[in-house]
Amino acid sequence: MNVTYNDFVIRFANVNGSGSASANGMFAKALFRMGIPVAARNIFPSNIQGLPTWFEVRVSERGHLGRREGVDIMVAMNAETYAEDIADIKPGGYLFYDNSKPLAAHFRRSDINEIGMPIATLLLPEFNDLKQRGLFKNIVYLGALSALLNIEFEVITGMVAKQYRGKDDLIAPNIHALELGRRYALDYLGGPIEYQVRRSSANGDKILIDGNTAAALGALYGGATVCAWYPITPSTSMAESFERHANALRKDKATGANKFAVIQAEDELAAIGIVIGAGWNGARAFTATSGPGISLMSEFLGLAYFAEIPAVVFDIQRAGPSTGMPTRTQQSDLTAAAYASHGDTRHVLLFPSSPKECFDFAAEALDLADRLQTPIIVMSDLELGMNDNVSEPLAWSDERRYDRGKVLDAAALDAAEEFGRYLDVDGDGIGQRTLPGAHPEKGAFFTRGTSRDEHARYTESPEAYQRNMERLERKWATAATLTPKAKIADAGRRNGILYYGTSAMPMTEALELLQGEGIALDRIRVRGFPFGDEVFDFIDRHERVFVVDQNRDGQMRSLLINEGVADPAKLVSVRYYAGLSISADTIRNQVLEHYQAERLPRLKEVGS
């Protein structure tokens, strides 16, 4: 038998609400603890219980952790989805299922390997409680997989002990269920299969963390003291994580009093209103939401843009429009967020592609909001926000100081010859601001969303309005110099590829696949909007640039055309919008199809 080590995709097919997510998560974390790079994807329905759910783990020694088409091992525990689950298994792959009831003949495939285990039958004499049998079914197959894949058993038992720490009466029965599955697999299923794992050092000092938790920690370290939110999938866990960590890290040591406020508002509109009010009063504040929340917040975002008030929004994107698919991922809010609100309104966007960037960009967003006196929207998505991802360690320097921007205190107001809230004193488009109460007589005490002159006096003067809008345009140009610079790998090739956010996850693998087809591309990962000059310079240097979007309408391509001087004919869309994360295969196939259709030269042809 030819053994493949640390390189496979395993998918667990379960019923939502059956407790399977806990067991499947332990599987992924156990492999990570063995030093093996993994990416876990929880593909769950938007109901509480009863519908099909899947949990997929990509295992890759080479660190290819983007989604891959096809499944090598299918753990099929939901009879209602047998047909589609078995169809997804690659030829030569494995079907692991509960054969307490025989598998119907029409489900059988001659090109895959079947591993049947009578899990339900095994559990009958071991556990009297029906609910317990349902829960321990997941632990039994985990034990069986430890034998079939050669997982170090002590690592899995250690995961169980950690999972149920403080609930010691649950540890022993879970260990018993693990041993039950493992013993049966060793005695009756023939031992390890073709796909196996072995201890590795590939992870190095990397950590396994979801993007929402990383972003919450970044906001906390970045000085946020106010979180106002309304529950919405997939952003809820960020607010919950912020509260949990703030309770541990942001309390007065002497009194135990909270030095933060977490406010669950009645809706998204109220949440962003609280954030803007907190920002006006000098607090660092944020909200976490998703696409429907951005729609509801648009009017208030326009107020913050025009009144120039710091605010930070985390948009954990999901599949729209309308309610859409609340538990599926997309990058479909770009244009809605970039131009949220009516009138000539533009917002700064940040595009993290890893948990570490979620952490870094959370803190940076709070600095940028203060520096630019405007809303900053961090564009994460469900794939990054809710799933455990391998990440570089989160790091913070105690020497770092917050950038509060142009905030004048009482002494500065007294020393100033003139204070005008909307005066452009140094040409960067950013006015000076004060916090309420900074001075008994001077400074700003209220704000407005109506037109005004440089000294915040209400006016409908066409000239004053135009001067204000032109100043905001200068501030936008300043923002382009402050947003995170794009990451570029340019070897002077004819064509390139541009991507952002979670499209980075499969990109290295996709480019390797294309290299095998004789297609070599330069690459650029966009990390901020407005775009820096380096983005348009990259486009100018190449004959064609493939623009990867996880939405139907090619929203990043539209932003590039709208905001720059890019020739639309140069920008070729690569799109995926079915609700899962884009795969390396999808990127490879669409680029290859374009090369074939346009008969573009490839390395193999040039070299022949």
Side-chain angles (χ1 to χ4, degrees), residues 9-25 27-28 39-58 66-67 69 71 75 77-78 80-81 84-85 88 138 209-216 229-241 268 287-296 314-334 336-337 352 355 358 378-389 501-503 505-506 549-552 576-583 586:
V9 173
I10 182 170
R11 185 183 297 165
F12 301 85
N14 303 94
V15 176
N16 199 35
S18 64
S20 59
S22 176
N24 300 338
F27 174 87
R41 293 177 173 87
N42 190 9
I43 307 166
F44 59 101
S46 55
N47 75 332
I48 301 301
Q49 190 169 2
L51 290 180
T53 184
W54 294 268
F55 192 96
E56 185 173 290
V57 181
R58 176 88 189 263
R67 192 174 66 84
E69 304 294 340
V71 177
V75 180
M77 294 292 126
N78 185 359
E80 291 190 9
T81 60
E84 59 186 287
D85 293 336
D88 283 342
N138 308 311
I209 188 173
D210 65 89
N212 283 354
T213 297
W229 65 294
Y230 181 77
I232 182 171
T233 302
S235 71
T236 296
S237 62
M238 182 185 171
E240 293 173 338
S241 181
E268 288 90 348
T287 187
T289 189
S290 193
I294 294 293
S295 297
L296 289 168
F314 292 87
D315 180 3
I316 319 301
Q317 298 167 91
R318 69 189 206 187
S322 188
T323 304
M325 294 193 291
T327 59
R328 297 291 186 267
T329 196
Q330 268 186 3
Q331 298 173 327
S332 55
D333 296 346
L334 268 68
C358 287
V378 183
M379 306 295 290
S380 182
D381 58 28
L382 185 148
E383 165 80 353
L384 177 57
M386 291 194 70
N387 291 318
D388 285 334
N389 290 280
T502 51
S503 295
M505 293 179 178
D549 269 301
Q550 295 185 57
N551 55 70
R552 183 196 67 185
Y576 177 82
Y577 46 90
L580 302 176
S581 56
I582 194 168
S583 68
T586 296

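Given the structure is predicted, the values throughout are model-derived calculations rather than measurements.
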Original post:
How long is the span from the CG atom in D549 to the OG atom in S332, to the nearest 0.5 Å?
Top reply: 10.5 Å

**OP:** Please answer whether the main-chain N or O of S22 pairs with a side-chain N or O of N138 as donor and acceptor at a distance below 3.5 Å.
**Re:** no

**OP:** Could you tell me whether a side-chain N or O of S583 sits under 3.5 Å from a main-chain N or O of G66, the two making a donor and an acceptor?
**Re:** no

Original post:
Heavy-atom distance under 4.5 Å between the side chains of S20 and M77, does that happen here?
Top reply: no

Original post:
Would a distance-only check, ignoring hydrogens and angles, find a side-chain to backbone donor-acceptor pair under 3.5 Å from D210 to T213?
Top reply: yes

Original post:
So do M505 and N389 actually touch side chain to side chain, heavy atoms under 4.5 Å?
Top reply: yes

Subject >> Y576 side, atom OH; Q330 side, atom CD - distance, nearest 0.5 Å >> reply: 9.5 Å

Original post:
Is it true that the side chains of Q550 and T329 contain a donor and an acceptor less than 3.5 Å apart?
Top reply: no

Original post:
Which pair of non-hydrogen atoms, one from E268 and one from Y230, has the smallest distance, and what is that distance?
Top reply: OE2-CD2, 3.4 Å

Subject >> Over 12 foreign heavy atoms within 6.0 Å of OH, Y577 >> reply: no

Original post:
Looking at V57 and A28, what are the two nearest heavy atoms and their distance?
Top reply: CG2-CB, 4.1 Å

Subject >> Test item: N551 side-chain N/O and Q331 main-chain N/O as donor-acceptor pair under 3.5 Å >> reply: yes

**OP:** Check A288 against W229 and note the closest heavy-atom contact, atom names and distance.
**Re:** O-CB, 4.4 Å

Original post:
Roughly how far apart are I316 CD1 and M238 CE, rounded to 0.5 Å?
Top reply: 6.5 Å

**OP:** Could you tell me the separation between the CG atom of D381 and the OG1 atom of T502, rounded to the nearest 0.5 Å?
**Re:** 3.5 Å

**OP:** Answer yes or no: is there a side-chain heavy-atom contact under 4.5 Å between L334 and Q317?
**Re:** yes

Original post:
Is there side-chain contact between T289 and L296, with at least one heavy-atom pair below 4.5 Å?
Top reply: no

**OP:** Please report the shortest heavy-atom distance between S380 and G385, naming the atom on each side.
**Re:** OG-N, 3.9 Å

**OP:** Could you tell me whether the side chain of T53 and the main chain of I43 form a donor-acceptor pair under 3.5 Å?
**Re:** yes

Original post:
Do E56 and R67 come within less than 4.5 Å of each other through their side chains, counting heavy atoms only?
Top reply: yes

Original post:
Closest approach of D88 and R11, non-hydrogen atoms and distance?
Top reply: OD2-NH1, 2.8 Å

Original post:
With sequence neighbours left out, what residues match T81 under side chain to side chain contact (heavy atoms under 4.5 Å, CB included)?
Top reply: A13, P52, W54, N78, E84, D85

Subject >> Contact summary for M325 and A578, nearest pair of heavy atoms >> reply: CE-O, 3.6 Å

**OP:** Using a 4.5 Å cut-off on heavy atoms from C-beta on, say whether the side chain of M386 contacts that of N212.
**Re:** yes

Subject >> Note, T586 side chain near E69 side chain (heavy atom, < 4.5 Å) >> reply: yes

Original post:
Can any side-chain N or O of R328 pair as donor or acceptor with the backbone N or O of F44 at less than 3.5 Å?
Top reply: yes

Subject >> Sub-6.0 Å ring centroid separation between F12 and F27 >> reply: yes

Original post:
Hey, is the main chain of T233 close enough, under 3.5 Å, to the side chain of R318 for a donor-acceptor pair?
Top reply: yes

Original post:
Going through the checks in order, is the side-chain contact (heavy atoms from CB on, under 4.5 Å) test met by S290 and D315?
Top reply: CA-CA 5 Å; S290 193; D315 180 3; 4.2 Å; yes

